[in-house]
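Below is one structure; the comments refer to it alone.
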Number of protein chains: 2
Amino acid sequence: MSKAANTRLTILHKAFELIYTKGYQTTSIDEIIATTKVTKGAFYYHFKTKDEMGIAIIEEILKPTMMKHFIEPIEKSQNPIDDFYNMISYLLMDDPFLQVKYGCPVGNLTQEMSPWNNNFTEALRELVSQWKLTIIKAIEKGQEEGLIRRDVIAEQVALFILSGYWGIRNFGKLQNNNSVYVVYLQGFKKYLNNLK
Amino acid sequence: MSKAANTRLTILHKAFELIYTKGYQTTSIDEIIATTKVTKGAFYYHFKTKDEMGIAIIEEILKPTMMKHFIEPIEKSQNPIDDFYNMISYLLMDDPFLQVKYGCPVGNLTQEMSPWNNNFTEALRELVSQWKLTIIKAIEKGQEEGLIRRDVIAEQVALFILSGYWGIRNFGKLQNNNSVYVVYLQGFKKYLNNLK
DNA sequence: CATAAAAAATACTAGTTGGTATAAAAAACA
DNA sequence: TGTTTTTTATACCAACTAGTATTTTTTATG
């Protein structure tokens with residue numbers, strides 16, 4: 001990787017970290033260039049505006065991560081019920097990057113940016129739609145294979161799963177204690193078993 | 001009400017509206033005093049700092065509204081399952097103040113402020129805890145009366161209900177279309193019926 | 001009515017914000 | 001190598017931020 005491409009990636013990663021922990025609008029460019037040790041000239045060579053960088057974070061960091069770790073595994077799923085549980089459980093309890101007190105990066109950005117910037121909303125909507133669609137397909141496949149009841153409405157369940165995840169993430173931010181995750185996951189397991 | 005008390009309330013209400021639609025940190029005091037037509041002198045006579053005003057919004061607007069419209073009705077509930085559904089359905093579909101694209105005020109503030117200000121987090125935590133506790137009690141009462149299965153774990157369900165609500169609110173922000181609410185509510189109804 | 005206290009108005013500050021203009025250095029290539 | 005292009009560095013700006021100091025007006029009270 002060229003040196004220039006490297007500075008670009010460094011900016012994206014460090015900025016993402018700052019934004020995840022502090023919020024987008026309250027993360028200043030001065031702070032980003034201070035922590036990355038990149039000058040303002042370099043920053044504005046790689047990104048025309050702060051918002052362009054924000055979109056790049058979604059497109060070049062969030063989307064690929066999402067694809068690799070959550071979309072593709074569900075697509076290959078042989079056992080949707082278990083895999084849904086494992087996906088959410090991993091995100092809540094095991095993912096080494098995510099922290100209880102900082103919530104879900106996608107949820108945070110949605111919450112903060114949707115009133116402000118349509119490009120953000122659009123990019124996030126795409127990401128989430130794909131996630132939802134993957135879950136829907138996995139449910140339908142599970143129904144064909146007799147693993148999930150036929151009267152289950154796939155979209156309803158997909159929405160329920162993702163909403164619950166975002167919501168409990170917000171709860172986690174409030175309590176800063178993953179005991180709420182434990183209780184939530186128990187309820188989530190029961191909910192999933194009801195789909196069988 | 002004295003004139004002074006009136007300006008104070010005007011500030012709180014208008015500021016709350018701005019914060020709900022735009023976020024706390026991006027709502028400036030200059031903007032608040034411009035829309036309220038109150039001068040800076042008046043503002044800082046009533047509130048020592050911006051954050052003090054923010055806390056006052058939670059304590060004097062959010063909490064009382066919450067108590068009156070969502071806590072007390074559930075406390076008096078004769079039929080918890082129906083009342084849970086009605087509460088969430090009202091919040092999502094009928095409340096005249098709340099809008100799809102702006103999400104849930106409590107959720108928004110939690111998301112935005114918990115990394116920044118512990119007083120906010122504390123005040124919001126209190127509010128949410130009370131809501132959760134009320135739901136738990138209603139479930140337990142329902143169990144005693146044979147309306148809800150005995151093996152249901154009240155806290156699990158309360159957490160599930162509130163998480164789902166916060167999450168679908170976030171979804172609504174992303175889609176800016178209450179059709180997601182409709183689908184969600186259908187799934188929510190099924191979930192609740194499973195508790196019987 | 002006089003006077004003290006409460007409430008509101010005005011003008012200002014120091015610090016921060018995203019972004020720009022321009023120059024310097026590094027890399028690519030002839 | 002010399003020269004063009006890419007990348008980075010530095011210094012700056014106008015607009016905005018929360019908050020302050022001071023004065024003026026309004027209200028309550030004897």
Side-chain angles (χ1 to χ4, degrees), chain A residues 1-58 60 109 112-121 123, chain B residues 1-58 60 109 112-113 115-120 123:
Chain A
M1 182 167 48
S2 76
K3 204 184 162 196
N6 188 58
T7 34
R8 190 193 148 91
L9 265 187
T10 310
I11 293 171
L12 286 179
H13 276 108
K14 282 280 175 195
F16 175 50
E17 233 175 285
L18 286 168
I19 290 165
Y20 172 50
T21 53
K22 313 184 5 162
Y24 178 83
Q25 317 226 40
T26 42
T27 297
S28 72
I29 290 172
D30 283 348
E31 203 179 348
I32 293 171
I33 65 175
T35 56
T36 52
K37 273 148 192 161
V38 155
T39 61
K40 210 160 231 187
F43 181 94
Y44 276 98
Y45 172 78
H46 287 287
F47 308 101
K48 265 214 285 291
T49 62
K50 185 188 180 186
D51 284 359
E52 193 181 292
M53 179 211 63
I55 302 293
I57 288 175
I58 299 175
E60 296 168 42
L109 274 176
E112 184 183 1
M113 295 311 288
S114 66
W116 284 103
N117 187 311
N118 224 329
N119 295 326
F120 275 74
T121 318
Chain B
M1 183 168 45
S2 78
K3 204 185 162 197
N6 187 59
T7 35
R8 191 193 147 90
L9 263 189
T10 310
I11 293 171
L12 286 179
H13 275 108
K14 282 281 174 193
F16 174 50
E17 233 174 286
L18 287 169
I19 289 164
Y20 172 49
T21 55
K22 313 184 6 161
Y24 177 82
Q25 318 226 39
T26 42
T27 297
S28 71
I29 290 170
D30 284 348
E31 203 178 349
I32 293 170
I33 65 177
T35 56
T36 50
K37 271 147 193 163
V38 154
T39 61
K40 208 158 235 188
F43 180 94
Y44 276 99
Y45 173 77
H46 287 286
F47 308 101
K48 262 213 289 288
T49 63
K50 186 190 178 186
D51 285 359
E52 191 180 293
M53 180 210 63
I55 302 293
I57 288 175
I58 300 175
E60 295 170 41
L109 275 176
E112 185 183 359
M113 296 311 288
W116 284 103
N117 186 312
N118 226 327
N119 295 326
F120 275 75

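In what follows, chains carry the letters A, B, and so on, assigned in the order in which the sequence lines appear, proteins first and then strands, with residues in each chain numbered from 1. Just so you know, these numbers use all the heavy atoms, side chains as well, and skip hydrogens, waters and symmetry mates.
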Legend entry - Side-chain heavy-atom pair B:E60, B:H13 within 4.5 angstrom cut-off: no
Inset, instruction - Identify, residue by residue, the members of residues 43-58 of chain B with a heavy atom below 4.0 Å from DNA chain C, and return them in order of residue number, or none. - result: B:Y45, B:H46
Legend entry - Side-chain heavy-atom pair A:L109, A:I58 within 4.5 angstrom cut-off: yes
Legend entry - Spacing between A:N6 atom CG and C:dA27 atom C1', to the nearest angstrom: 15 Å
Legend entry - Qualifying residue for side chain to side chain contact (heavy atoms under 4.5 Å, CB included) with B:F47, from B:Y45, B:Y44, B:F43: B:F43
Legend entry - Nearest-angstrom distance from the residue atom NZ of B:K40 to C1' of D:dT22: 15 Å
Inset, instruction - Report the distance from atom NZ of A:K37 to atom P of D:dT7, rounded to the nearest whole Å. - result: 23 Å
Legend entry - Any A:Q25 side-chain heavy atom under 4.5 Å of B:Q25 side chain: no
Inset, instruction - Can you tell me the distance, in whole Å, between the CZ atom of A:R8 and the C1' atom of D:dT8? - result: 16 Å
Inset, instruction - Figure out the CD1/P separation between B:I32 and D:dT17, and round it to whole Å. - result: 11 Å
Legend entry - Nucleic acid contacts of residues 20-30 of chain A, taken as heavy-atom distances under 4.0 Å to DNA chain D: none
Inset, instruction - Identify whether any heavy atom of A:T7 sits under 4.0 Å from a base atom; if not, whether one sits that close to sugar-phosphate; answer base, sugar-phosphate or nothing. - result: sugar-phosphate
Legend entry - Side-chain heavy-atom pair B:I11, B:I33 within 4.5 angstrom cut-off: no
Inset, instruction - State, yes or no, whether a side-chain contact exists between A:M53 and A:L12 at a heavy-atom distance under 4.5 Å. - result: yes
Legend entry - Between OG1 on residue B:T27 and CD1 on residue B:I32, distance to nearest 0.5 Å: 6.0 Å
Inset, instruction - Please collect all salt bridge (Lys or Arg N to Asp or Glu O under 4.0 Å) contacts where either partner lies in residues 11-22 of chain A, sequence neighbours excluded, each pair once. - result: A:K22-A:E31
